[in-house]
Amino acid sequence: TFLSLLFSNLINQVFMKKIYLILLSMFAFCYLNSFAQEPVEINGYTIIEINGKYYDISGYDTLRIIDDIITLKYNSDITEQQITTIEQNYGLEKTFHAPTGWINYKLDSNSDVIDIMQKLATNEVIHEVLLNYFIPLFANPNEQAWVARDTSQTLLNQLCSTEAPIYNTSHLLMQVDSAWNITTGSPNIVIGFIDSGTAINHPDIGVGDDGYHNLWENPGEVLDGNDNDENGYIDDLFGWDFVNESGNLIIIDTNIITTSNHGTMVASNACSKTNNQLGTFGVAGGWGSKGSGIMTLKIGNDPFINSYTLTPALIYAIKNGARVVNMSFGNYSLIYPPFAEAIELASQKYNCLIFGAAGNNNSNSISWPARHNDVIATGASAFYCDGDVFMEGRWVSSDTYGSSFGAELDIVAPSYAYYCDTQSGYSWRESTTATSGATAFASGVAALILSANPCLLNYEVKEILAST
């Protein structure tokens, strides 16, 4: 009959559609995997090539390798002629030479980074050669942003009321209003933000209608196209972009809905202007006048930073007077020797206080570089309500997403319910900015301590933070 024939045709169509989808899936799987090579062991690295890009799968994280930069250290007895010969033979262009001996080289466009690394690793005059990676920033990618309203302080006993607005809870938990009776932050205490860059033209950070800014300003530089202070950086008035090799820091952080505001968010937590009738307030942001200075050290574009930019950024910070350095990034696999040595130099020789985000994988494994002995590993707390009872505890979002913890954790700072600055305006953080935001709050508190007593040594500030 017509109905049975129609039903039979429909069954055949459905069956053929399923066969088509299965074949299409098999083709797609084979097509994609045709671009992936088998992993190979190279000088202690486990490398896999996928679609023309190299990835290191040696550790907990899978890290994409930067394909045009290599870092190495020569033996101490090498001659200048030997260095010149190596640079010419392998097409290496020196871009940075650290005081600890590590050198960043840019490869020419025809070079393969793995091939070059293998060849250099067998050269007897080279002490060590390293690959470079894209390392993730520690941020919550699922935040929602609203345009901010002017806000006022909310008492802790109101926080669990369903009708009470939960504004700037993190500031309340840190009791910064009491600290502000002593100091609101000094422009002589500078925080270097090694991150994705800061929106220096934001009116709550840079110059606005209030006529002042909270930016570190290089006293030896003017914007005239010259290296006035002869430090190797042209027009580095407010810091430096180590990715694009530029002092132009204006066009940064353009999308307030995504994580492209990471650098601006952490800087605003610590140093956005306070009591200026605009937006949010930083922990050490002054009081209607300049507070602690923001030194912008751009080392990548959200959501990743570049490992080869870490060392030059930190060396720049300490040589230009940063007393505090904020690092809201990290990974669980890579320990990068050039940066480890730079951290030791900054802490032990330059009396720099360095904060690192502990990580967001909700485990007792602290990320690196936060777990470096000379870095203050900072976790994140959040507040909870048990009925009408206010409680604070470790920030946890899911089984796999929450503040790292454990014996290597040094301090914990709140990172919950507050406004922060973004390039396009202001963002209400309804839940958390994870350990990135917490680390910036801790950096701001350290700046307050040093503003009150700039003679303190870095280990003395750490002891104060741990004991109070």
Side-chain angles (χ1 to χ4, degrees), residues 139 143 145-153 167-174 176-177 179-180 183-187 189-193 195-217 238-239 249-250 252-253 256 260-298 322 324 326 328 355 413-429 432-433 436-448 451:
E143 299 289 352
W146 291 269
V147 176
R149 303 181 295 272
D150 288 335
T151 66
S152 59
Q153 296 286 340
Y167 296 138
N168 298 300
T169 308
S170 292
H171 299 77
L172 294 171
L173 294 175
M174 291 184 290
V176 293
D177 52 337
W180 289 339
T183 178
T184 57
S186 167
I189 303 301
V190 176
I191 305 178
F193 291 92
D195 213 285
S196 62
T198 309
I200 65 171
N201 55 335
H202 193 295
D204 206 22
I205 294 174
V207 176
D209 293 337
D210 46 25
Y212 71 98
H213 62 73
N214 272 356
L215 303 170
W216 167 77
E217 196 165 356
F238 303 117
L249 303 169
I250 297 295
I252 297 174
D253 294 356
I256 72 168
S260 64
N261 294 284
H262 192 274
T264 298
M265 178 270 292
V266 295
S268 76
N269 282 8
C271 296
S272 62
K273 300 174 188 177
T274 304
N275 200 39
N276 65 334
Q277 303 299 314
L278 180 67
T280 184
F281 44 83
V283 173
W287 196 262
S289 59
K290 288 178 70 68
S292 295
I294 297 169
M295 181 187 288
T296 297
L297 306 163
K298 181 177 179 180
V324 181
N326 187 93
S328 293
F355 290 84
S415 182
Y416 197 100
Y418 61 90
Y419 284 110
C420 60
D421 293 328
T422 67
Q423 167 71 14
S424 304
Y426 314 97
S427 173
W428 167 241
R429 298 290 174 172
T432 180
T433 50
S436 282
T439 303
F441 279 133
S443 294
V445 172
L448 284 182
S451 295

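These values consider heavy atoms only, across backbone and side chains, with no hydrogens, waters or symmetry-generated copies.
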Inset, instruction - Say whether, by atom type as modelled, one donor and one acceptor occur between the side chain of Asn275 and the main chain of Gly288 under 3.5 angstrom. - result: no
Inset, instruction - May I ask you to decide if Thr439's main-chain N or O and Ser443's side chain share a donor-acceptor pair within less than 3.5 Å? - result: yes
Inset, instruction - Heavy atoms only: give me the nearest Ser272-Ser268 pair and the separation to one decimal. - result: OG-O, 2.9 Å
Inset, instruction - Please report the closest heavy-atom contact between Ser328 and Asp195, naming both atoms and the distance. - result: CB-OD2, 3.9 Å
Legend entry - Heavy-atom side-chain proximity of Phe193 to Met295 below 4.5 angstrom: no
Legend entry - Under 3.5 Å donor-acceptor, Ser451 side chain and Ser186 backbone: yes
Inset, instruction - Search all heavy atoms of Phe441 against all heavy atoms of Ala413 and return the closest pair with its distance. - result: CB-CB, 4.5 Å
Legend entry - Separation of Asn269 CG from Thr264 OG1 (nearest 0.5 Å): 11.0 Å
Inset, instruction - Answer yes or no: is there a donor N or O on one side and an acceptor on the other, between the side chain of Ser196 and the main chain of Gly263, under 3.5 Å? - result: yes
Legend entry - Check: Thr183 main-chain N/O paired with Trp287 side-chain donor or acceptor under 3.5 Å: no
Legend entry - For Cys271 against Ile294, the heavy-atom pair lying closest together: CB-CG1, 3.4 Å
Legend entry - Smallest separation among heavy atoms of Leu448 and Gly185, with atom names: CD2-N, 3.6 Å
Legend entry - Asp204 side, atom CG; Thr274 side, atom OG1 - distance, nearest 0.5 Å: 8.0 Å
Inset, instruction - To the nearest 0.5 angstrom, please state how far the CH2 atom of Trp216 sits from the OG1 atom of Thr198. - result: 12.5 Å
Inset, instruction - Please report the closest heavy-atom contact between Lys273 and Ile205, naming both atoms and the distance. - result: CE-O, 3.8 Å
Inset, instruction - Any chance you could measure Thr184, atom OG1, to Lys290, atom NZ, to the nearest 0.5 Å? - result: 12.5 Å
